[in-house]
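To start, the structure under review is shown below, and the notes come after it.
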Protein chains: 2
Amino acid sequence: MNLKELSELLNLSQTTVSRALNGYPEVRDETRRRVIEAAERHNYMPNTRAKGLATGRSMSIGHVIPLSKKHEILNPIFGDFITGASEAYVAAGYDLVLSLVPDDDQAAHYRSLGAKNNVDGLILHGPMVNDSRIPLLQDLDLPFLVHGRASGWPEDYAYFDMNNRRAFERATRHLIELGHRRIAFVNGREEMDFAHRRRLGYEAALAASAIEPDPWLMVSGDMTESLGAESVARMLDAPDPPTAVLASSIVIALGVERAARARGLTVGRDLSIITHDDELSYLPNGRDEPLFTATRSSVREAGRRCAEMLLGRVANPGGPPPQELVEADLILGRSTGPAPKKDSA
Amino acid sequence: MNLKELSELLNLSQTTVSRALNGYPEVRDETRRRVIEAAERHNYMPNTRAKGLATGRSMSIGHVIPLSKKHEILNPIFGDFITGASEAYVAAGYDLVLSLVPDDDQAAHYRSLGAKNNVDGLILHGPMVNDSRIPLLQDLDLPFLVHGRASGWPEDYAYFDMNNRRAFERATRHLIELGHRRIAFVNGREEMDFAHRRRLGYEAALAASAIEPDPWLMVSGDMTESLGAESVARMLDAPDPPTAVLASSIVIALGVERAARARGLTVGRDLSIITHDDELSYLPNGRDEPLFTATRSSVREAGRRCAEMLLGRVANPGGPPPQELVEADLILGRSTGPAPKKDSA
DNA sequence: TGGCCGCGTCAAAGCGCTTTGGAAAGTTTT
DNA sequence: AAAACTTTCCAAAGCGCTTTGACGCGGCCA
């Protein structure tokens, strides 16, 4: 069933049927009712592509996720982020088109998205420090919004970010206030902007308390459970082990916990753990008393905000790019406690 | 830059330019070269919507993910599944459009996907027992493929599934052969078809060894870490606790491990754990000697196969629906061992 | 020399929609 | 009663592409 058939069926012109369905005023109420009723009865819905061609808008937003050939790890936050974004898209009648692109042909992919004109805007995931995609997109005249930021470029693009630096600075300071001096940090890959900023926060807090950062206590890599387990196991077996660990994700923290338990250490007493909690739906950190003390910020909520902001920009391209920086909560859980007294001191 | 402009630039008709770019034979080699070179230089790519309108194909595949209003949990396997599927789509020049749909208006959504004609085919995620979406899609004349199956309907639709029943039967049998009799099962929601089948496999193995299934040892719910931790904690504190646990996902298994350790039990000695391992990229189960004994089947690979099969069906709609059932490997890790001798026996 | 064939190209139709620019009624104003 | 609007509808153009059917032009064969 298409517009032509429907209009012939109703003995009306395509114009009138189209206007009736799209809510234009110049249609008699009774006519509109007839049209709508017939459309429903015959399950008519306008062909997306034809409509898009006619209006010049595709009613869809692209999400481009870089997939490193070397790493091949899809950040698990992505699912929840998309869930949040979808809420906004559904509400606005937009579709979400997803591309996972190997990071070597990112540029070509963005250019083609622009040229082929099949999205009205796009969301950039996983920005890196000095990410070359930013200037590329700025040239492309396709509205875009970055989830995160890219240190190294002037911040004259649209973004939504969590204050990673501040969050990790606070978390570290909290550990210091509990008396910890040997604080390990298991971070994501530090080419990624969020990890870079977290590192800065960690170092700033140490510096503020005149604690010398120890390279042996700092690890960065793909945020897997085993990264947490293996790296911290190594540290615990070395002389002068950490009394606290800062983890960049709950998945890492679970690994750290495993390493601790394997050595008979009690988390929260012998070893403190603070993690960042993205509030992933399948890794709840406890309702009443959280398992992990954590900096918390819902990535799902971030998805929703990103989508809303981008949609706003698409609808209304003028003006300065929207920017939002949210703070993470620092929530207290059972995984932290005062630094243990040194045995030999 | 569009076709018209490009053709004027080249002093050729739109026809010739189009044919040159699409590889039709009736274009002189030198002309084709000229066209291709000009297209590249001006970064011309055909407008997706116009092309789609003209050809009647949208070059995109829909993935519809049901999102239960009550549960709001996005299965974490989804990210890796999509990663695999994307590989196939990218290779074939297809886009992936994603919808997360609240499960109450699934029907409307599918119907609209069909009517609006904006995907050439779709993949159905998370089939339930007796899933009403199957007959609905069969009426819709839109090629589709189910990731999983829907018990209760005749299997006359295209699907790709892992043999959940067999995998969990083997896993359970393995535990029985190790001497376990009290075997707990922490499963996903059993309205879901995969969980339903896993339950059948578990029960079949028990029955084959004449072990009476104990409802106290069987739990089903959203597959979160805390489901594993809390339900098994409860079982361990009850009289006649389990000596082994079968978990439906690694996330659950991590929770089970936490519960065990919290009680001072050593996993693999005091409590055996077998889990299903989807090979999620950020939860690697160890390379050399896996952490968990597990039934293993790559969900990423499943994504790739699903996409390939569906693309085949889209290109070639005739014939019987493609169906594939793969077996999971049973891999031995450190989380299982012989049943401990009973203290009081 | 004329007719035929294949090659390379083109004009135009069509995909299904929106939107512009009327136009035929009916209503109000002068 | 004529003029000026309103209201309600329509025909047709246009979005950017593919594809059909036709055509001009050498070359080949008879």
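Chain naming here is simple, since letters A, B, ... match the order of the sequence lines and numbering starts at 1 in each.
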**Q.** Contacts of B/Arg300 that satisfy salt bridge (charged side-chain N to carboxylate O under 4.0 Å, His left out) - sequence neighbours left out
**A.** A/Glu72, B/Glu87
Distance check needed: [N] [atom2] versus [X] [atom1], whole Å only.
| X | N | atom1 | atom2 | value |
| --- | --- | --- | --- | --- |
| A/Asn117 | D/dC17 | CG | C1' | 13 Å |
| B/Lys116 | C/dC17 | NZ | C1' | 14 Å |
| B/Met59 | D/dT18 | CE | C1' | 14 Å |

Output one line per pair: protein atom, nucleotide atom from nucleotides 23-28 of chain D, and distance, for all N/O pairs under 3.5 Å.
none

Q: For residues 90-144 of chain B, pull every pair meeting ring pair (Phe, Tyr, Trp, His ring centres under 6.0 Å), keeping only residues two or more places apart or in separate chains.
A: B/His63-B/His125, B/Phe81-B/His125
Q: Scan for salt bridge (charged side-chain N to carboxylate O under 4.0 Å, His left out) pairs involving residues 15-30 of chain B, sequence neighbours excluded, and state none if there are none.
A: B/Arg19-B/Glu26, B/Arg28-B/Glu30
Q | ring-ring contact (aromatic ring centres under 6.0 Å, His included) involving B/Phe78 - partner list, sequence neighbours excluded | A | none
Q. Sequence neighbours excluded, which residues qualify as side-chain contact (heavy atoms from CB on, under 4.5 Å) partners of B/Ala315?
A. none
Q. By side-chain contact (heavy atoms from CB on, under 4.5 Å), which residues pair with B/Ser132, not counting sequence neighbours?
A. none
[X]: partners by side chain to side chain donor-acceptor pair (under 3.5 Å), with sequence neighbours left out:
| X | result |
| --- | --- |
| A/Asp193 | A/Ser151, A/Arg197 |
| A/Arg313 | none |
| A/Glu5 | none |

Q.
Let's go through B/Asn117 and A/Thr48 carefully: what are the C-alpha distance in whole Å and the side-chain angles of both, what is the deciding distance for side chain to side chain contact (heavy atoms under 4.5 Å, CB included) to 0.1 Å, and is it a yes or a no?
A. CA-CA 7 Å; B/Asn117 239 300; A/Thr48 322; 5.6 Å; no
Q. Just how large is the angle between the end axes of the helix from C/dT1-D/dA30 to C/dT30-D/dA1, five pairs per end, to 10 degrees?
A. 60°
Q. Which parts of nucleotides 5-16 of chain D does protein reach within less than 4.0 Å, heavy atoms only, written one letter per nucleotide 5' to 3' as B for base, S for sugar-phosphate only and - for none?
A. ---BBBBB-BBB
